[in-house]
Student: 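I'd like to ask you about the structure that follows.
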Amino acid sequence: MSKLILRAKGIHRAYGTGHAEVKVLRGATLEASEAEFLVIMGASGCGKSTLLHVLGALDAPDRGTVEFRGENIFDLPPAVRGRYRNRDVGFVFQFYHLLPELNVLENVVIPRLVTHSFWSWRSIRRESRKEAAALLDRMGLADRAKHRPNQLSGGEKQRVAIARALINKPTLLLADEPTGNLDEKTGGDILKLLVELNVAGQTIIMVTHDAKVASLAHRRVHLSEGVIRETVNQDGARAHSAPTITKVAL
Ligand SMILES: Nc1ncnc2c1ncn2[C@@H]1O[C@H](COP(=O)(O)OP(=O)(O)O)[C@@H](O)[C@H]1O
Ligand SMILES: [Mg+2]
């Protein structure tokens, strides 16, 4: 039995107030175990991004708890919660969210910068850049390090975003429709990369409205009417028809 790392219980989140209030999450409950590839499915607008943001502490719920290794992250002092957001979690978004004025390598290094003061940053700068370069190499982007995001294709941008999400070696990778903006072939390559990361031990929670994309997960759950309905547990066997997954040393 693998170790539980995340447990979200009774998550409620509404937007707006009074007559304009929209109750998006109404008691969503969810668990993720170490090395699991969990997919949260649901129709567009059902609250998948809202839920993922709460899981990653980018947003706070109105009610409910998110326990990371047994501790409710919303009970933690803001600075400690910030560390969770920055170090324990890596985020990949549908629209990449790269900083256009920085080059690719600098974009990947940013989460490292956030965790250090100016003076300690000076001492780890070289090492961090080296690690970022190694990650870019692993993503097949070694020759793009000095490029600006707007010089890259969508698939390349998403690879940069994945490298950025991995720079602090997060326990949990949260991916919000990471292929939603890509053509089928490019999206397939990104999914293959995520599966490779997972095979190497990375815990991943991915959100998608696309059943085909969801089919590569270990476990799929459905979000509808603000709650999670458990669906398919594939007993660890992936039922995807993705390209042959080769085990890679990551
Ligand atoms: N910041 C916000 N303010 C008001 N309404 C929002 C906000 N973010 C999302 N919503 C609404 O909440 C619902 C769920 O949004 P979202 O979590 O983005 O859904 P999904 O990711 O499943 O498409 C939608 O109806 C959306 O319009
Ligand atoms: Mg969304």
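Each ligand, and each atom within it, is numbered from 1 in the order the structure gives.
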Student: Nearest to atom 1 (N) of ligand 1, what protein heavy atom do you find, and at what distance?
Tutor: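 It is Tyr15 CE2, 3.7 Å.
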Student: Could you check which of Ala43, Cys46, Gly45 puts a non-hydrogen atom nearest to atom 24 (C) of ligand 1?
Tutor: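 Among Ala43, Cys46, Gly45, the closest heavy atom to atom 24 (C) of ligand 1 comes from Gly45.
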Student: Got a donor-acceptor contact below 3.5 angstrom from the Gln158 side chain to the Pro178 backbone?
Tutor: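 Yes: the side chain of Gln158 pairs with the backbone of Pro178.
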Student: Salt bridge or not between Glu101 and Arg148? Use side-chain N to carboxylate O under 4.0 Å.
Tutor: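 The answer is no: the pair does not qualify as a salt bridge.
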Student: Salt bridge check: are Lys9 and Glu67 linked by an N-O gap of less than 4.0 Å?
Tutor: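 Yes.
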Student: Output yes when a side-chain donor or acceptor of Arg85 lies under 3.5 Å from a complementary backbone atom of Ala57, and no otherwise.
Tutor: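 Yes; at least one donor-acceptor contact below 3.5 Å.
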Student: At a 4.0 Å cut-off, with the gap strictly under it, does some heavy atom of Val24 reach an atom of ligand 1?
Tutor: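 Flag set, Val24 near ligand 1.
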Student: Assess whether atom CZ of Arg229 is packed by more than 12 heavy atoms of other residues, nucleotides or ligands within 6.0 Å.
Tutor: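 Yes.
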Student: Considering only NZ, NE, NH1 and NH2 on the basic side and carboxylate oxygens on the acidic side, decide whether Glu184 and Lys212 come within less than 4.0 Å.
Tutor: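 Here Glu184 pairs with Lys212 in a salt bridge, since their nearest N and O are under 4.0 Å apart.
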Student: Would you call Arg7 and Glu71 a salt bridge, taking side-chain N to carboxylate O under 4.0 Å as the test?
Tutor: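 Looking at Glu71 together with Arg7, the answer is no, because their closest N to O distance does not fall below 4.0 Å.
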Student: Give the contacting part of Thr50 toward ligand 1: side chain, backbone, both or neither, where contact means a heavy-atom distance below 4.0 Å.
Tutor: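 Near ligand 1, Thr50 shows its backbone as well as its side chain.
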Student: Please report the closest heavy-atom contact between Ser49 and Asp176, naming both atoms and the distance.
Tutor: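 What the structure gives for the nearest pair is OG-OD2, 2.6 Å.
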Student: Tell me which protein heavy atom sits closest to atom 18 (O) of ligand 1, plus the residue, atom name and distance to 0.1 Å.
Tutor: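 Checked against all protein heavy atoms, atom 18 (O) of ligand 1 sits closest to Ser49 CB, 3.7 Å.
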Student: Establish, from distance only, whether the side-chain atoms of Thr186 and Asp183 form a donor-acceptor pair under 3.5 Å.
Tutor: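 A donor-acceptor contact under 3.5 Å links the two side chains.
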Student: Closer than 4.0 Å and a protein heavy atom, does any atom meet both conditions relative to atom 26 (C) of ligand 1?
Tutor: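 No; the ligand atom in question lacks any protein heavy-atom contact below 4.0 Å.
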Student: Can you pull out the closest protein heavy atom to atom 19 (O) of ligand 1? Residue, atom name and distance to 0.1 Å, please.
Tutor: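 Minimum-distance protein heavy atom for atom 19 (O) of ligand 1 reads Gly47 N, 3.2 Å.
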Student: For ligand 1, which atoms have a heavy atom of Ser44 less than 4.0 angstrom away?
Tutor: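 Selected atoms, number and element: 23 (O).
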Student: Any donor-acceptor pair under 3.5 Å linking the side chain of Asp59 with the backbone of Thr50?
Tutor: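 No, the answer is negative, given that no donor and acceptor are paired below the 3.5 Å cut-off.
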Student: Keeping to distances under 2.8 Å, can you name the protein N/O/S atoms close to the Mg ion (ligand 2)?
Tutor: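 Protein N/O/S atoms under 2.8 Å of the Mg ion (ligand 2): Ser49 OG.
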Student: Taking atom 5 (N) of ligand 1 as the reference point, report whether a protein heavy atom occurs under 4.0 Å from it.
Tutor: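 Flag for atom 5 (N) of ligand 1 set to true, protein heavy atom closer than 4.0 Å.
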